[in-house]
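Order of the sequence lines fixes the chain letters, A, B, ..., with proteins taken first and strands second; residue numbering starts at 1 for each chain.
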Amino acid sequence: MVDAFFFVGLPYLAIVICVAGCIWRSRYDQFSMSARSSQFLEDGKLLFGSLPWHVGIITILLGHLVVAVVPRVWSSLMVIPAVLFGVEALGVCCSLLAIAGLSALIVRRITDARVQAVTTTMDLVVVVLLMAQIVIGLLSSITFRYGAAWSAGTVVPYFWGILTLQPEMAHVTGFPMLFKLHIIGAWVLIALVPFTRLMHVLAVPLGYIFRAPQLVLWNNPRRRREAVDATARAESRRDFIKGAVGIAGASGLLALGVSEKVVTYFKGPDPDPEAESALLQKKLERLQQTAEERQLELERQRVEMILVARYIELDAAKGKYFIDYAMAPGLAFKGKNGLPLLISAKCTHLGCTVGSQVNAEGQIMCPCHVSYFNIVTGQPNPGAPAKLPLPHLAWALVDPSGNVVASGLPGGEVEGTPSPELLAQCSLYITKPRHSA
Amino acid sequence: MNSRAALLIVLAAASVPHRAIAYPEFQAFVAKSSGRTVNCAMCHANSDGPEGTGPGQIGHLNAAELERLGRARSALQPGQAVESPILNAFGNHIIKSIGKEKFVELKVSPAHLADLLPPDSDLDHDGIPDVREYLDGTLPINHNDGNPLLLFRHNFRTNLVAIALTLAATVCGVWGLGHLLHGFATASRIKDTED
Amino acid sequence: MNLPEIIKNSEAYVAERFPVEKMSYSAMVVKKEVPVHRLSWAYYMGGLALFFFGVQMVTGLLLLFYYQPTVSDAHASVEFITDHVPGGSLVRNMHAWASSMMIAAVMVHLLTAFAMKAFAKPREITWVTGVVLLGITFGLGFTGYLLPWHQVAVNATKIGLQSVQEVGQYLPGAMAEWPRIVKETIQGEAAVGQATLSRFFALHVIILPLAMMATLGLHLLSVQLHGMSRGIDGPPKRQEKFFPTFFIKDLTVWGFAFIILFVIALCVPFESLYSYPLFEPFNPKGSTPDGIKPEWYFYFLYYPLELLPFWVILVGSTVLGAVLMGTPWIFQNTSRKTLQILTVLAALYLFVMTVFGEQIYHMFKG
């Protein structure tokens with residue numbers, strides 16, 4: 001019975017009073033439809049009370065409004081943990097801000113004589129009720145957490161039930177006392193709207209944000225001089241507020257969009273085992289490649305002869321790459337006389353690696369700046385960017401029992417003439433260049 | 001190292017008759033039609049092609065991989081899910097879509113490969129179908145590679161929310177910072193005139 | 001001239017360039033004014049370059065958390081950043097795109113400052129530090145190009161360093177060896193390898209940025225001390241306050257630049273502009289792939305290098321460097337009209353070589 005009064009009777013009573021009262025007041029007492037300004041009487045403490053209070057309470061009311069109007073969209077957003085935490089934290093911060101602001105306003109109203117003079121009883125009632133309402137709201141949101149998520153399925157249907165004349169109080173009768181008080185307080189405040197300064201929410205002065213500041217001053221020469229200063233000061237204050245709002249908005253958006261990404265960036269990826277092993281595999285292969293290069297380097301420091309290929313692998317038209325004693329690439333061909341032809345593949349122009357395919361003119365090409373080198377003479381084509389010939393390299397042919405059967409020097413001198421049958425069994429080596437003293 | 005070298009020599013000898021298994025016709029066609037540099041990595045696991053001892057080359061395969069290679073090579077008809085160890089996802093996709101037999105026939109007209117591949121398939125999900133990437137000479141399995149304009153269009157669409165939010169944050173920030181500085185300048189001017 | 005006189009003169013010289021009485025918040029920020037005229041847009045270019053430098057610092061520091069400067073791991077770590085680290089590809093693309101945008105902004109800044117005769121007395125120091133900054137910026141571009149250790153990076157670096165050695169053929173006697181020694185000192189060993197990577201990493205991440213910040217400090221200090229140069233011959237339409245009016249406009253330009261950078265970095269991977277084989281890990285045993293080119297901002301030097309004999313480029317770039325350094329004294333009596341014509345010619349050359357360089361190259365080389 002008591003629940004029925006508070007959650008069905010009171011709401012309709014409040015709505016009827018609010019609507020009828022507002023219509024009456026806007027018709028018969030139009031000029032009172034504002035929060036009577038007291039800025040004229042006391043300008044110092046007002047900013048520190050009014051601004052936080054309004055920023056806090058407007059944000060919170062907007063949150064209440066959005067969840068009531070588009071509960072589905074809201075719920076779909078609240079599924080994301082980061083957003084839910086963000087919204088809850090924002091709610092708590094804004095209620096604290098509103099409480100701080102309202103406290104400052106109460107202190108100002110009580111301590112300043114000039115403000116006290118224009119304070120009505122209703123003002124005090126409203127202020128106390130608002131304070132109670134917001135404290136209860138804060139307490140209930142802390143005690144029964146994640147209200148941002150669950151309210152969409154409970155309070156919102158109750159609210160729409162009231163509005164569509166199908167009240168279903170079962171949605172809320174099971175709530176804890178604290179939360180019930182919050183709902184009751186809301187209806188009481190709605191009922192009070194037409195009789196108090198709360199009426200000003202129906203006449204939101206949006207134009208204030210965009211128009212130039214206006215100052216009300218006593219009209220005498222001294223005050224007029226001061227007015228210039230005061231206008232500048234008001235302007236700068238507005239700039240600060242706009243700046244704070246803009247930066248707060250930007251950092252809010254950043255916090256929403258970037259903070260999580262920054263954390264995950266530093267935290268690093270969370271690969272599944274398969275991706276991780278593929279990654280490790282790749283790194284290992286690269287390491288092995290590097291190790292092989294190091295080994296080649298060491299080999300060239302220590303060994304007199306290095307295996308290039310088996311003789312039968314050599315081809316007249318396509319060279320075989322190897323690494324020479326200077327750790328530069330070289331190419332091995334089968335020459336016209338059937339003996340190996342070894343030439344450096346490091347372009348004498350800018351050091352690119354020359355291609356291995358021999359063209360019809362018996363030349364290999366460097367892809368970087370298109371120089372053609374004759375593989376027999378090593379000479380670049382006339383007009384090529386490269387001016388110097390590719391040097392030939394010293395080689396040796398070794399038979400299966402380990403004897404050197406033929407060798408060649410860079411100058412083209414060849415020692416030994418093995419038979420073709422023996423050649424086919426030989427392996428090709430490069431020999432360490434002798435340092436001319 | 002020695003056994004590897006021995007294996008290599010055996011394989012090199014064994015692979016001589018198989019020289020035709022790499023298909024440079026396609027590479028030559030793509031390089032010519034797109035004007036981009038192209039290498040074997042478009043379809044193969046190794047950018048130097050299937051022959052050799054490097055990762056993804058024939059000389060590097062273990063027994064299980066060799067068996068898969070054999071199965072892939074005998075997938076003459078389309079529709080078989082092949083997993084050739086020497087091909088990359090796009091190479092396997094080609095064999096699966098048109099079959100090995102048809103593919104070998106296409107050697108004389110590589111341009112027709114684009115007509116036969118499924119037109120909507122997009123292996124790297126970068127918004128550019130594989131067929132288009134094949135003709136453009138970009139890598140169909142790398143979502144960072146593709147025609148820059150097409151990539152821009154696709155990425156712009158998928159990231160619209162992020163872009164809108166960043167735009168809002170930037171506008172908000174610049175607007176706020178501007179007013180803050182303005183307010184700061186006015187305040188210090190007032191202070192100066194008072195002094 | 002005797003010693004005391006020289007000291008006195010140089011004291012006066014420095015005092016004129018760094019007027020101590022102006023080193024105050026009120027003179028450098030509150031009272032500074034910016035002329036408004038048809039070339040006013042050029043005043044934003046330096047700020048834009050500064051903004052992109054800031055972006056480079058932030059994104060570069062972020063990349064530093066994952067990049068590994070070793071021959072075996074560099075390429076894999078860069079791939080890891082692009083493919084696996086959340087947001088890594090955005091950070092890396094921003095770093096790549098912002099470097100190009102920074103260089104573009106720096107080039108336009110240099111050209112406009114020249115056209116507006118912003119180097120005239122007492123702004124010589126500003127100009128000279130600016131030229132040094134230009135050199136450091138190009139140095140950052142060159143050293144940064146190597147770090148991913150892919151084909152195009154290593155081969156382009158090889159070519160770049162080899163051209164240092166090429167200078168040797170024009171030097172007499174024992175001096176002919178010096179360029180090779182310089183090259184090997186830079187790359188740390190006989191060929192481009194791990195030592196080169198370590199050195200370029202140190203240069204790119206610590207030494208050049210520190211040098212940049214120090215020079216930038218001097219540059220900005222002298223800009224604020226002397227104010228914006230008037231820029232045109234006649235009187236400007238009006239003056240506007242540097243703080244806050246101009247500074248807020250500067251911020252707005254930065255906001256635009258950020259959005260453009262962000263959208264491009266998010267939507268166009270920098271790698272998509274090049275052929276994919278260029279981005280495979282560097283393979284010292286394979287052949288060099290086709291299409292090795294430096295970054296676009298070296299085209300103005302690269303294509304002439306391909307077309308003309310090396311000594312022409314060598315003489316040309318030495319003269320250009322000397323002229324750039326000596327601009328405040330060489331052009332001190334030149335009229336703005338002449339300077340503007342010179343600037344248009346230079347801009348035309350840069351534009352044509354950067355955009356049509358390849359076509360020109362093919363036209364001459366077939």
Side-chain angles (χ1 to χ4, degrees), chain A residues 209 213 225-226 228-259 261 278 281-289 291-292 295-296 299 307-315 318 320-321 356-357 367-368 424 427, chain B residues 1-2 4-6 8-16 19 22 24 28 31 37 39 45-46 48-49 51-57 60 62 159 161-195:
Chain A
I209 302 171
R225 268 200 310 282
E226 280 176 17
V228 181
D229 250 14
T231 314
R233 206 165 288 146
E235 227 168 72
S236 112
R237 188 166 68 185
R238 285 168 64 86
D239 274 331
F240 276 123
I241 293 170
K242 280 185 190 171
V245 170
I247 288 173
S251 15
L253 282 170
L254 281 182
L256 205 73
V258 174
S259 58
K261 298 206 171 54
Q281 170 79 21
K282 190 166 75 185
K283 287 188 131 183
L284 186 66
E285 273 161 12
R286 301 263 166 92
L287 260 181
Q288 278 166 344
Q289 245 175 34
E292 272 169 32
Q295 211 166 7
L296 285 175
E299 199 184 13
L307 177 68
V308 171
R310 287 181 15 119
Y311 176 79
I312 52 162
E313 292 174 63
L314 297 182
D315 192 280
K318 187 161 169 62
K320 193 167 169 46
Y321 281 113
S356 62
Q357 200 71 43
C368 286
S427 297
Chain B
M1 189 69 200
N2 259 338
R4 173 80 65 78
L8 163 68
I9 289 161
V10 171
L11 278 169
S15 67
V16 171
R19 268 277 150 77
T37 309
N39 67 9
N46 191 299
D48 287 335
E51 285 153 45
T53 53
Q57 293 184 320
H60 194 265
N62 57 30
N159 291 311
V161 177
I163 291 171
L165 280 177
T166 314
L167 185 65
T170 314
V171 169
C172 239
V174 168
W175 184 76
L177 213 57
H179 278 289
L180 209 61
L181 290 172
H182 209 268
F184 181 73
T186 321
S188 59
R189 203 175 58 231
I190 295 165
K191 198 152 173 295
D192 282 353
T193 47
E194 273 172 5
D195 290 346

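- Listed by chain and number, the residues in a salt bridge (charged side-chain N to carboxylate O under 4.0 Å, His left out) with A:Lys283 amount to none (sequence neighbours excluded).
- Summarising the geometry of A:Phe240 relative to B:Ala187, their closest heavy-atom pair is CE1-CB, 4.1 Å, with the distance given to 0.1 Å.
- For a residue to count as touching a neighbouring chain, one of its non-hydrogen atoms must lie under 4.5 Å from one of that chain's; by this rule A:Ala244 touches chain B with the backbone only.
- Rounded to the nearest 0.5 Å, atoms CG (A:Leu254) and OG1 (B:Thr170) are 8.0 Å apart.
- Of all residues spanning residues 177-186 of chain B, those with a heavy atom less than 4.5 Å away from chain A's heavy atoms are B:Leu177, B:His179, B:Leu180, B:His182, B:Gly183, B:Phe184, B:Thr186, arranged by number.
- Residue B:Ala169 comes nearest to A:Ala250 through the heavy atom pair O-CB, 3.4 Å, listed as atom of the first residue, atom of the second, then distance.
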